[in-house]
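What follows is a short report on a single structure.
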Amino acid sequence: MKYTLSILMLSAALQLSASSITSPSGELSLNVNVNPEGQPYYSLSYKGKTIVEPSKLGLKADETTFADGFMIAGVDTVTVDRSWEPVWGEYSSIRDHFREMAVNLKAPQTKDQPEREMIVRFRLFDDGLGFRYEFPVQEGTNYLTVKDELTEFNFPGNHKLYCIPGDYDTDEYLFSETTFTDLPEALNSYTRHSEAQRTGGNTIQTPMLMKTDDGVYINVHEAALMGYPAMLLDVDSKNFDMKAHLVPDRLGVSAYVQAPFHSPWRTLIVSDDARDILASQLVLNLNEPNKIEDTSWIKPMKFCGVWWEMFTGNQKTWAYSDDPLAKPGVTDYTKLKPNGRHPANTENVKKYIDFAAANGLDGVLVEGWNEGWEDWVSYRKNRQFLFDKPYPDFDLPALRDYAKEKGVKLIMHHETSANASDYEKQLDRAFQFMKDNNYDAVKTGYVGAVIPRSEHHTSQWMVDHAKHVIERAADYQIMVDSHEAPRPTGLCRTYPNWLAQESARGGEFESMGGNPPSHTCILPFTRLKGGPMDYTPGLFETRMSYYGEGKDSQAGTTLTRQLALYLTMPSPMQMVCDLPENYERFPDAFQFIKDVPVDWSDSKYLEAEPNRYITVARKDKHSDDWYVGAITDENARNATIDMSFLPKGQKFVATIYEDAPDADWKTNPQAYKIRTINVDSKTKLKQHLAPGGGGAIRIQPKK
Ligand code: NOJ
Ligand code: CA
C-alpha cells in the first residue's frame, strides 16, 4: 500500500454544546447538536444554502435504543490531507482531504435503558459529507439486534429525484426522473421482478441523485458496507424527507452486531457543478486502504465471451441438455442427450480464443461450461451447480492448453443461482480448481431468490457472503466480477481484486426491449459512485431478436455510442460483448475497442448533466495517449470538447469515431464516420452526437 501522509493536523477540542465544522474550502458547513429529548441531529449547508435541514441520528435495537437521553460528552476534530494510489482506476493518485469531527454522545442509565455511549464520526470533504455510527465496548449492552436505523436526510424543497424503486433483491431497474411529490406515481409504474423481491412503500435505493431548483446536485449513498445490511431510503413525499431503511432478513432483523462496531458511512456528495459529482472520489476515500499486499497479479483486462449468443434469442442455452431432471453430481451427464444448442463447447470456445488472440483481448469468459444449468431458475426448487464439473462437450484440459498457447486467459463463470450457502461450501474447491486450470478471474452470479431462504440479496448475511468470497478469492489470487451482489460501496479500494460488479440494469437488457439512451447518462451519477460496473459495452449489431421470444429488440444506441461507453462507463474489467462476426463487419470501428485502455492515470469531466449527456477525457496509464468519450440521450447534441487538458505546446493527432450526420439510434444506428485531425491544447472541437448517439476519440502525440 503506497500511502502518503502529507499533512496531519491534530486539534482536539472539547466543546460541550453545538458543534460545527466547515470543509477545507469553507463551502460546506456541518452542524451537530442534541435536541431537548437528547436525540442527536445534524444539518448541512453549501455556499450558504441549506442542503440538509436538521435531521435525526440514531439506532434502534431490541436490547436498547441509541436515540435519546444523550449529551455531547466530547468532540474531537482533526484535519487530514493525504493522497493514495489506487491499484487501478480513473486516476493514478487520489487526494483524501477532509475535516473530521467525532462527536462523543453519552446517555446515563434510566429505568428502562442502560448507560449508553455512541460516537458519530463526520468527515466533511470539499465535495460532500460522510458520517458513521461507532459503538465502543461499554457498560451497557454490547450485543445488538438492530431493528431500525433512525438516520434522516431532510431536504428543504421539492427536488428533482433520479432513482430506482426500493427492492431487497435487485437493482436491475431503469431510473425515474421525478420529484418528491411525484415519486409515489413514478414508483407505481414499475413492474417488480418477482413477489419475493418486492419492498413496497415509498422506498428507493441508493446511490440516488437529486437536483435542487437552484442547480445543486446531491448524491446519497453509503461507503464501506460490511457486517451490516444495505441501506434503502423511505421517502416522505410531502415533507421532502428521507429516512434510512435497513434491509431486514425474513425474520425482520436488519443486523446482529457486537461492540466494538461501526456502521458503514452514510454519504452525501454535493456540488453545483454536475461534473464534480462524476469526479468525486468521496466514497472510495471513506473506504479502508488496500488490504492486499502483493497486487502484481491484479491485471485490468478486456474480454470477450461465450455469452451474447445466449441472449440474442436464437435459442442457444447455458444448459447442455434439455432434461430438466438432470441433477449435478448424481446424473451421469455423458448419458444425457445433448440439446445441440450449447455454445460452451470446445470447438466454439476455440473460436473465441482465436478471436481474442487476433485482436489483443486479454480474456475469454465462458458461461454454461459446468453441470447444473438444466433447472437453474426454478425459484422454488433447490438449485445447485458444481464448480469443478465441466459438461461433456467442454474439454477443459484441451482448452486450457489452447488458451495458454494463444496467450489468452479463460475467465471462469460461477452462476450460483443465488444458492450462496452451497457456494460457500464449494468455494475452496472451486478456487483451487480454477488455479489448477490456469484461470485467475471469475464472474459470479446470483440470479433467483437467495438460499438460505431467510435472506435477501442485500441483507447482512449476503453482505457478509460477498466479503467472504472476495477475501477467499484474494487468498487464491483471483480477480472477481460479481453480478447480482450487494451494490458496491467502494470496497474495491480495500479489495482491489474486486474489479467490477453489475448491480444495476446492464447492457444485457438491450435484448429485452432495450435500455433507453438516457440510462447510461444517469448510471455514472448514481450506480458508478460505488465502483466500476460490468455494463458490457461494445454492441455493434443493435437490432436482435428478443431474449427467449420471437419478437425483435432494439438497443437504445448508435454504434459509435458503444465506443464512447468505454470512456463514460470506465471499468478495469471491460467486456467486448458482441459476437465476433458482428465485429468482423465493422473492422475500422472495432479498431477503437482494440486500442482503448481500461486503466487511467487521469480523468477530466468536460461536460455533464444527469440523464442528458456526459463528455469525459481520460489519459492512458501506460502511454501519453488521451481518449475522449461523449454520449447524449435521445436528443441530438453538439458536444464541446475543450482540449486544454493536453500538455501545452505539443501537437497531437485525433482519430474521431463519430455518428454520421443522418445517424439515429432508432432509424440509422450503424451510420458512422472516422476522420483524423490535428489537435493541441487550444483546440475546442464541436462534435455532433446523433439522437441516442455518441462519439469516441483517440488522441496520440504527433510523431
Ligand atoms: C445474469 C447475468 O447478469 C448475466 O450476465 C449472466 O449471463 C446470466 N445471469 C447467467 O448467469
Ligand atoms: Ca444481472
Side-chain angles (χ1 to χ4, degrees), residues 164 167 169-174 192-194 197 205 303-320 328 341-344 349 352 363-379 383-387 391 394 411-420 422-423 430 441-450 457-458 462 466 469 480-488 499-515 519 523 527 532-539 544 547-548 553 569 571 573-579:
I164 59 174
D167 194 309
D169 289 280
T170 184
D171 26 39
E172 299 189 16
Y173 292 111
L174 289 175
R192 299 303 179 91
H193 286 253
S194 85
Q197 301 176 340
Q205 300 195 46
F303 66 103
C304 61
V306 176
W307 180 69
W308 195 236
E309 288 187 52
M310 280 85 97
F311 281 86
T312 48
N314 44 14
Q315 309 303 315
K316 303 247 178 96
T317 64
W318 284 267
Y320 165 72
R341 293 175 284 115
H342 178 237
V349 174
Y352 278 84
V364 176
L365 167 74
V366 185
E367 296 200 4
W369 68 276
N370 62 327
E371 292 184 9
W373 289 89
E374 279 66 26
D375 77 342
W376 77 294
V377 187
S378 40
Y379 285 87
R383 306 176 298 272
Q384 198 189 27
F385 287 84
L386 292 180
F387 301 108
Y391 277 138
F394 183 82
I411 298 171
M412 180 58 81
H413 186 223
H414 288 167
E415 174 56 65
T416 67
S417 208
N419 191 344
D422 186 58
Y423 189 40
V442 63
K443 170 178 168 180
T444 59
Y446 297 86
V447 175
V450 171
H457 278 77
T458 52
M462 283 300 279
V469 171
V480 180
D481 163 17
S482 45
H483 280 225
E484 299 92 27
R487 48 190 164 279
L499 292 193
Q501 285 192 236
E502 181 189 43
S503 297
R505 178 170 161 130
E508 67 194 29
F509 280 85
E510 300 290 18
S511 75
M512 295 175 238
N515 285 337
H519 187 53
L523 285 173
R527 161 64 184 77
M533 175 170 177
D534 180 20
Y535 184 77
T536 70
L539 193 67
M544 63 215 77
Y547 175 70
S553 189
M569 300 286 291
S571 171
M573 191 164 170
Q574 200 69 288
M575 196 170 194
V576 178
C577 76
D578 213 333
L579 311 175

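Atoms within each ligand, like the ligands themselves, are counted from 1 in listed order.
- By the 3.5 Å distance cut-off applied to N or O atoms, Trp376 is not counted among the residues near ligand 1.
- For Tyr423 and His414, the gap between ring centers is short of 6.0 Å.
- The two residues Leu386 and Asn370 make their nearest non-hydrogen contact at O-ND2, 2.9 Å.
- Summarising the geometry, atom CG belonging to Asn419 is positioned 13.5 Å from atom CH2 belonging to Trp376; distances are rounded to the nearest 0.5 Å.
- Residue contacts with ligand 1: Trp308 is excluded, as none of its non-hydrogen atoms falls under 4.0 Å.
- Under a 4.0 Å criterion applied to the non-hydrogen atoms of Trp307, ligand 1 contributes the atoms 4 (C), 5 (O), 6 (C), 7 (O).
- Side-chain contact, Tyr535 with Glu508: no donor N or O sits under 3.5 Å from an acceptor N or O.
- Polar contact with ligand 1: absent for Glu172 (N/O pair, distance under 3.5 Å).
- The nearest protein atom to atom 4 (C) of ligand 1, hydrogens excluded, is given as Glu508 OE1, 3.2 Å; this is a heavy-atom distance.
- Residue His457 forms a side-chain hydrogen bond (donor to acceptor under 3.5 Å, both in side chains) with just one option from Thr170, Asp171, Asp169, and that option is Asp169.
- Nearest N/O/S atom of Glu502 relative to the Ca ion (ligand 2): this is OE1.
- Ring geometry, Phe311 versus Trp307: the interplanar angle falls from 30° to 60°, so the pair is classed tilted.
- Using cut-offs of 30° and 60° for the angle between ring planes, the Trp369 and Phe394 rings count as tilted.
- Looking only at protein heavy atoms, the nearest one to atom 5 (O) of ligand 1 is Lys443 NZ, 2.7 Å.
- Residue Glu415 has at least one nitrogen or oxygen atom sitting less than 3.5 Å from a nitrogen or oxygen atom of ligand 1, judged on distance alone.
- Of all N, O or S atoms in Glu484, the one lying closest to the Ca ion (ligand 2) is OE2.
- Side-chain contact between Tyr320 and Glu371 is absent, with no heavy-atom pair separated by less than 4.5 Å.
- Residue Asp481 holds its CG atom at 8.0 Å from CG of Leu365, rounded to the nearest 0.5 Å.
- Partner Asp534 forms a side-chain hydrogen bond (donor to acceptor under 3.5 Å, both in side chains) with one of Gln501, Gln574, His483 and no other, that one being His483.
- Annotation: atom 1 (C) of ligand 1 to nearest protein heavy atom, Glu484 OE2, 3.1 Å.
- For atom 9 (N) of ligand 1, the closest non-hydrogen atom on the protein side is Val447 CG2, 3.4 Å.
- Of all protein heavy atoms, the one lying nearest to atom 7 (O) of ligand 1 is Glu367 OE1, 2.6 Å.
- The atom name of the N/O/S atom in Glu172 closest to the Ca ion (ligand 2) is OE2.
- Between His413 and Trp373, the angle of the ring planes stays under 30°, which puts this pair in the parallel group of the 30/60° scheme.
- At a 4.0 Å cut-off, not a single heavy atom of Met310 sits close enough to ligand 1 to count as contact.
- Near Glu502, with a cut-off below 4.0 Å to any heavy atom, the atoms of ligand 1 are 3 (O).
- Interface of Trp373 with ligand 1, defined as ligand atoms under 4.0 Å from a residue heavy atom, comprises 10 (C), 11 (O).
- Those atoms of ligand 1 that come under 4.0 Å of a heavy atom in His413, given as number and element, are 11 (O).
- When non-hydrogen atoms are compared, ligand 1 lies under 4.0 Å from neither the backbone nor the side chain of Phe509.
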